[in-house]
Amino acid sequence: MPNKKIMVTRSSMPKFDEYVEMIRPLWDTHWLTNFGSYYKRLEKELKQYLSVPQISLMVNGHMALELAIQAMGFPEGGEVITTPFTFISTTHAIIRNKLVPVFCDIKLSDCTIDENKIEDLITEKTVAVLPVHVYGNICNVRKIQEIADKYNIKVIYDAAHAFAETLDGIGVGNFGDISVFSFHATKIYNTIEGGAVVFKEESFYKKLHDLKNFGIRSESIVAEIGANAKLNEFSAAMGLCNLKSIEKNISARKRLVEYYIQRLEMIKEIKIYRFNKDNIKYSFGYFPILFCSEVNGADIRDKVYEKLKEHNIYSRKYFYPITADAACFKNKYKKTSLENARYAGDRVLALPLYPELEHEVIDEIISVITECVYGV
Ligand SMILES: *Cc1c(COP(=O)(O)O)cnc(C)c1O
């Protein structure tokens, strides 16, 4: 049994000396935030790395989502069709913008929004679709765009799980009207806390720039009801350092996922998400499995979660409960059939995954799973 805690993830950090060298100049300039030189450099480097036309850095992924939605200028009470199988941030960002979430069920094949169920939920109040590339599984972006074009509604992607990914060689941030990334410490790429909005529409840059700085347009003009969502220089410096190792980080994750799959393959009672579509370059941010034993999959999932804890290994019920069932708005919004989302929420477990994870820990996880599934 490992004597140190194994968490579901472990934040990537550069070498201590590398980071210290990077932040040393800040003691000369005393310029710590408000669009500093590292902020500008990181915007430039990320724009290139993600192959997107425009990018606006933010203090975190959640504010990126909130301000991206605000920047679209939807009328109050507008409906946003979204997935309940996501981190609570996605749903909060809609509601905090005085919009109404309409929950659409997911596909069990990859846990993304079921594009075939979107059209039925569209009403004259619908203003946008807000899907999530769950676990780095890229949504059916082409079908979703077709629907959006047909009904003249916007598409905003929560791409918090899909940093660095491409579909048919195209950076994932290029789909829809806007995509949002999170650079939180728990994500594959971090700026400690941080995030970004990416988009095509050039005028959005200025708009988001103002919104993240209290809506201040010039010294004497406050043009919008903005927030404070600027990325500071220490975070930007962290981001510049971490960007150098991102590809190595992803390759290490890929190898670990392959090892997990090889060890789990024979357990029929488990659905494994394989991340093996030919036209997608994955970033392997998560390794979720689904306990799908007919009668008691949910119980087995909970048992594995608890048992792993006894081994000092911390997995995550990610996502449980689904956001539509969150205590703060349960039963408050339009009732839709969310059968698959609830099924996945009750049975999913994200297992530890980060570049330094040892094979011995994976072996230990597998033996706990085997024990719980077969009761041996
Ligand atoms: C992490 C995450 C967010 C929020 O990003 P923060 O940087 O933590 O604010 C939003 N949506 C999803 C799907 C996430 O995983």
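Just follow the structure's listing: the first ligand is 1, and inside any ligand the first atom is 1. For clarity, every value in this text was computed on a predicted model and none was experimentally measured.
- Evaluated by nearest non-hydrogen atom to atom 7 (O) of ligand 1, the leading choice among G195, A159, S182 is S182.
- Between H161 and Y318, the ring center distance clears the sub-6.0 Å criterion.
- Side-chain atoms of Y333 and E79 include no donor-acceptor pair closer than 3.5 Å.
- Within the 4.5 Å cutoff, no side-chain heavy atoms of M63 are placed close to those of K212.
- Judged by the 6.0 Å and 45° rule, K187 forms no cation-pi pair with F163.
- The heavy atom nearest to atom 15 (O) of ligand 1, considering only E193, H133, H92, H161, is found in H161.
- For the pair K5 and Y314, the cation-pi test (distance below 6.0 Å, angle within 45°) is passed.
- The cationic atom of R253 (NZ for Lys, CZ for Arg) does not lie both less than 6.0 Å from the six-membered ring centre of F275 and within 45° of the ring axis.
- The protein non-hydrogen atom at the shortest distance from atom 3 (C) of ligand 1 is F87 CD2, 3.7 Å.
- Annotation for ligand 1: atoms under 4.0 Å from non-hydrogen atoms of T86 are 13 (C).
- Side-chain N/O atoms of H311 and E364 include a donor and acceptor closer than 3.5 Å.
- Close approach to G61 involves these atoms of ligand 1, each under 4.0 Å from a residue heavy atom: 5 (O), 6 (P), 7 (O), 9 (O).
- Residue-level proximity to ligand 1 for M63 is absent, since no heavy atom of it falls below 4.0 angstrom.
- Among protein heavy atoms, atom 13 (C) of ligand 1 sits closest to D158 OD2, 3.4 Å.
- With respect to the salt-bridge test (charged N to carboxylate O, under 4.0 angstrom), the residues K244 and E18 qualify.
- Residue S89 has no nitrogen or oxygen atom sitting less than 3.5 Å from a nitrogen or oxygen atom of ligand 1, judged on distance alone.
- Defined by atom type and a distance below 3.5 Å, a donor-acceptor pair is present between the side-chain atoms of K143 and N116.
- With ligand atoms numbered from 1 in the order given, ligand 1 contributes 7 (O) to contacts under 4.0 Å with heavy atoms of G194.
- Side-chain contact of N232 with K230: a donor-acceptor pair under 3.5 Å is absent, judged by distance alone.
- Counting the atoms of ligand 1 from 1 in the order shown, those under 4.0 Å from a heavy atom of A160 are 2 (C), 11 (N), 12 (C), 13 (C), 14 (C), 15 (O).
- Residue Y135 does not touch ligand 1, judged by heavy-atom distances below 4.0 Å.
- Close contacts of ligand 1 with Y318, meaning ligand atoms under 4.0 Å from a residue heavy atom, involve 15 (O).
- The distance criterion of under 3.5 Å between nitrogen or oxygen atoms is met by K187 with respect to ligand 1.
- Ligand-side atoms of ligand 1 in range of H62: 4 (C), 5 (O), 6 (P), 9 (O), range being under 4.0 angstrom from any heavy atom.
- Not one N or O of L65 is nearer than 3.5 Å to an N or O of ligand 1, by distance alone.
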